Amino acid sequence: METKTSPVKYIFVTGGVSSSLGKGIISASLAKLLQARGYSATIQKLDPYINVDPGTLNPYEHGECFVTNDGAETDLDLGHYERFLNVPTSQSNNVTTGRIYQTVINKEREGAYLGKTVQVIPHITDEIKRRIKLLGETGQFEVVITEIGGTVGDIESLPFIEAVRQMIWEMGSNCAVIHLTLLPYLTVTGELKTKPTQHSVKTLLEYGVQPDILVCRSEKPVNAEIRRKLALFCNVNVNAVIESIDASTIYDVPLLMLKEQLDKVVLAKLKLPLRQEPDMEGWKNFLGKLKNPTSEVKIGLIGKYIELKDAYKSIAEALIHAGVSNETKVNVEWIHSEKLDDKNVQEKLGTLHGILVAPGFGDRGIEGKINAIKFAREQKIPFLGICLGMQCAVIEFSRNVLGLENAHSTEMAPETKYPVIDIMDEQKNITKKGGTMRLGEYPCNISKNTKAAAIYGKSRISERHRHRYEFNNKFLKKFEDAGMLASGVNPNGSLVEIIEYKNHPWFIGVQFHPEYKSTVENPHPLFVKFVKAALDYSR
Ligand code: GLN
């Protein structure tokens, strides 16, 4: 690292005009370009809500909960960061207002403020700044990009913006602010409008923050005149008005930003050298294959949150990565588990080339998942069950192959006669809900001569988890005698991590979440081979 002794640079990404403009993708794309120029960069998300983390949030509220190696339950944007950068994130990469206040209040209770009145400024803002700088202080990164959740003008994100103002005041040219905004297009007059952006920048200025760069989301090209107008009214250089036009895939965005020279403008502002031309060969190769598939498969994703596709973000992306590896377009059919019964499975699932049963919690939609698995097993359709999906496969096998009537998980049926899935010992006395599951990365040993061994090509893997229940080993012998093997178990052998069915071309359930580890550079082998199996099946 060339700049070991030079200070870490901080880039802040704020949002204006509307939510859901894609701050996460812009942040990840910028980080990708900086990485491609030889800089080490990381991205952090600050979320203005009061939940300590999104682990307790219903997916309908906030989409998927992403899990890091070190067991943080985080915003799904961290998934994008990892998929783009191929560098793991950690606990420090996602901080909420709840977490900030919790730290400050705990310190107050310890007497750490020595009788002072504890206030938003300086105590809350100091804690925010400390969390931002923590990543810089690891010594691992030259650039830290901090994405501020919410939209400028929201009451709840004010302390974050104030912390940004203070950091700029302290660090000057070691900081840059990117404001991501929207230029709405009026069909009647046929023009892009700049006024909402002007107002949003004014709001930011009221808080004492002058953005350096405007990234403008737009459905039409942003012409030179509009750029000049925005520059003049918003007090930025013309070349710092960046167009971010709607793209057909998020994976286009880094190259669109490269074309707009976002990386160059940012580096100039931070007084950093350009180093090399960005090496985006691998990325372009990926995109080329993504856009020119040679075959297609149809995979059913069975879940209970499918009205909100963000609830299964990492799974959907992992399927895209795996499709690219197989030069195959993966068409995902989103199927509501509540709407599946034993009578309509043929009609709803009959044309699929692969069936994936999603993770989840609670009873809703369980029987539909079990019906889908029975169909996949009997029809020999490639099947991948993830976490609850694997647990449902265990239940299905118990009921329909082993004849254990009404076998169930004690999560849904505490009194079941056959508790084939049961709460883990370490979870039995836990009553609090937040951050208490078995979370994060754990090792798993794979047995020789199994499908899992062939898929991974190694005998020791490490995958990320998020669960309270597990396979009940009391039933293991019955399962293995009937051909359902525990092909992956944790190192002390107490916890089944992978099951596979011998009498089926491709039937695998995993207690962990392989989707969290799939990236553009490293598509996950389980997804790659699942799509391959679907492709074989389709032929
Ligand atoms: N509800 C199940 C458990 O807690 C599965 C969790 C999941 O699918 N992530 O074990």
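One-based numbering, in listed order, for ligands and for the atoms of each. None of the values given here were measured: they were computed from a predicted structure. Sequential numbering from 1 along the given sequence is applied to the chain's residues.
- For a heavy-atom separation below 4.0 Å, the residues in contact with ligand 1 are Pro359, Gly360, Phe361, Cys387, Leu388, Gln391, Glu411, Arg466, His467, Arg468, Tyr469, His513.
- Between Lys529 and Glu500, none of the side-chain N atoms (NZ, or NE/NH1/NH2) sits under 4.0 Å from a carboxylate O, so this pair counts as no salt bridge.
- Annotation: Lys478, atom NZ; neighbour count of heavy atoms from other residues, nucleotides and ligands within 6.0 Å does not exceed 12.
- The aromatic rings of Phe507 and Tyr501 sit perpendicular, their planes meeting at an angle over 60°, well past the 30° parallel limit.
- Residues satisfying the ring-ring contact (aromatic ring centres under 6.0 Å, His included) test with Tyr418, not counting sequence neighbours, are none.
- Around atom CG of Asn449, no more than 12 heavy atoms belonging to other residues, nucleotides or ligands sit under 6.0 Å away.
- By the 30° and 60° cut-offs, the orientation of the rings of Tyr312 relative to Tyr305 is tilted.
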